[in-house]
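Notes follow once the structure below has been shown.
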Amino acid sequence: MKIASWNINSVRARLENLATWLRETEPDVVLLQETKCIEDQFPREALEDLGYTVAVKGQKSYNGVAILSKFSIEDVVTHLPGDLEDLEARYIEAVVGGKTRVASLYVPNGQDVGTEKYLYKLRFFKRLYDHFQRLLSHRETLIVGGDYNVAPADSDVYDPSLFQSRLLVSPEERAGFRSLLNLGLVDAIRALYPEHNVDNSTLYTWWDYRQGSFAKNNGLRIDHLLLSPEATDKLSSAGVDRVFRGQLKPSDHAPVWCTLNMP
DNA sequence: ATGGTCGATCGTCGA
């Protein structure tokens with residue numbers, strides 16, 4: 001089973017890129033973020049024509065997450081517990097193919113260290129911690145993927161000297177991300193590509209649209225696939241489709257993917 | 001130099 005996550009930065013503006021990527025890389029399950037439209041505007045039929053079942057959590061203009069699956073989709077959850085007043089479309093979870101649980105999540109960017117949006121980001125990580133702790137007790141094959149908006153280590157940043165305690169790398173954000181690993185979730189990319197054994201600059205998933213960042217490979221690794229122990233046991237390969245960041249009208253993120261050996 | 005470049009939507013916010 002191939003599972004991929006992609007911050008698409010508007011599913012309507014990116015439908016051509018998305019369809020090309022689906023045809024060329026053939027993921028079984030896709031976790032999308034920043035679809036940027038309400039559910040009625042989501043190009044459901046075009047994706048169904050490509051062989052996918054679709055589950056969407058939409059919002060006007062901002063955020064929006066979705067799950068595409070070649071297999072059945074059941075038990076859909078569209079709100080991250082822990083804050084009933086949070087109406088932003090940043091979380092969707094479902095069971096695909098009858099027994100594999102997946103979630104597509106879009107962690108708040110955080111605007112700037114110390115702002116109200118930054119505090120919302122840190123609270124979001126606490127909610128993820130509490131929810132994943134509960135999910136992990138079920139001992140399922142679980143994949144929680146998405147745009148975490150955190151570069152977990154300096155090896156995930158093109159120039160760490162430019163990123164000291166800044167947004168995306170601050171100690172509090174990294175602690176939030178690390179707390180999920182401490183629950184027992186495993187970073188699929190780092191499980192197969194340890195930071196001291198690889199060219200870390202090939203693993204970036206996001207490049208700013210500005211200043212020619214992609215041409216200079218000024219990137220960060222902020223999109224992640226986290227696996228439960230039961231999923232990690234099945235992990236066989238993983239990678240980043242960075243070629244799709246270089247196409248015409250690209251998203252500013254590249255897809256990240258992994259394959260699991262399913263019985 | 002507090003900029004730059006996108007997308008949604010149509011002046012301005014969010015990233």
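Please read these numbers as outputs of a predicted model, since none were measured by experiment. Residue numbers begin at 1 in each chain, while the letters A, B, ... track the order of the sequences.
- For the segment residues 10-24 of chain A, the set of residues with a heavy atom within less than 4.0 Å of an atom of DNA chain B comprises A/Ser10, A/Arg12, A/Ala13, A/Arg14, in numerical order.
- Between A/Arg123 and A/Asp86, none of the side-chain N atoms (NZ, or NE/NH1/NH2) sits under 4.0 Å from a carboxylate O, so this pair counts as no salt bridge.
- Ionic pairing of A/Asp83 and A/Lys126 is not present here: no N-O contact between side-chain nitrogen and carboxylate oxygen is shorter than 4.0 angstrom.
- Rounded to whole angstrom, the span from the CD1 atom of A/Ile8 across to the P atom of B/dA8 amounts to 11 Å.
- Here the P atom of nucleotide B/dG7 and the CD atom of A/Gln59 are 19 Å apart, to the nearest Å.
- Going from atom CG of A/Asn7 over to atom C1' of B/dG14 covers 12 Å, rounded to whole Å.
- Counting heavy atoms from C-beta outward, A/Asp156 and A/Leu203 have side chains that stay 4.5 Å or more apart.
- Comparing A/Glu34 and A/Asp208 by the nucleotide of DNA chain B that holds the closest heavy atom to each, the one mapping nearer the 5' end is A/Asp208.
- Just one of A/Glu34, A/Lys36, A/Gln33 meets the side chain to side chain donor-acceptor pair (under 3.5 Å) condition when paired with A/Asn9; it is A/Lys36.
- In this structure, A/Tyr120 places its OH atom 9 Å from P of B/dA15, rounding to the nearest Å.
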### Query
Could you go step by step and tell me if A/Phe163 and A/Leu220 meet the side-chain contact (heavy atoms from CB on, under 4.5 Å) rule?
CA-CA 10 Å; A/Phe163 285 81; A/Leu220 285 77; 3.9 Å; yes

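- Between A/Lys249 and the phosphate of B/dC6, there is no side-chain N or O to OP1/OP2 separation shorter than 4.0 Å.
- Atom C1' of B/dA1 sits at a distance of 29 Å from the matching atom of B/dC10, rounded to the whole Å.
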### Task
Begin with the C-alpha distance, continue with both residues' side-chain angles, and end with the deciding distance and a verdict on side-chain contact (heavy atoms from CB on, under 4.5 Å) for A/Asn218 and A/Asp159.
CA-CA 8 Å; A/Asn218 288 347; A/Asp159 185 349; over 6 Å; no

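- In this structure, the nucleotide among B/dA8, B/dG4, B/dC6 sitting nearest to the side chain of A/Tyr209 is B/dC6.
- Mapping A/Arg210 and A/Lys117 onto DNA chain B by nearest heavy atom places A/Arg210 closer to the 5' end of the strand.
- One atom, CG of A/Asp147, and another, P of B/dG14, lie 17 Å apart when rounded to the nearest Å.
- If you measure from atom CH2 of A/Trp206 to atom C1' of B/dG14, you get 13 Å, rounded to the nearest angstrom.
- Using modelled atom types, one side-chain atom of A/Ser251 and one backbone atom of A/Asn7 make a donor-acceptor pair closer than 3.5 Å.
- Nucleic acid contact for A/Tyr106: sugar-phosphate only, since backbone atoms but no base atoms lie under 4.0 Å from a heavy atom of the residue.
- Between A/Arg245 and B/dC6, a side-chain N or O to OP1/OP2 separation shorter than 4.0 Å is absent.
- What separates CD of A/Glu173 from P of B/dA15 is a distance of 13 Å, to the nearest Å.
- Look at CG on A/Asn63: it is 12 Å from C1' on B/dA8, rounded to the nearest Å.
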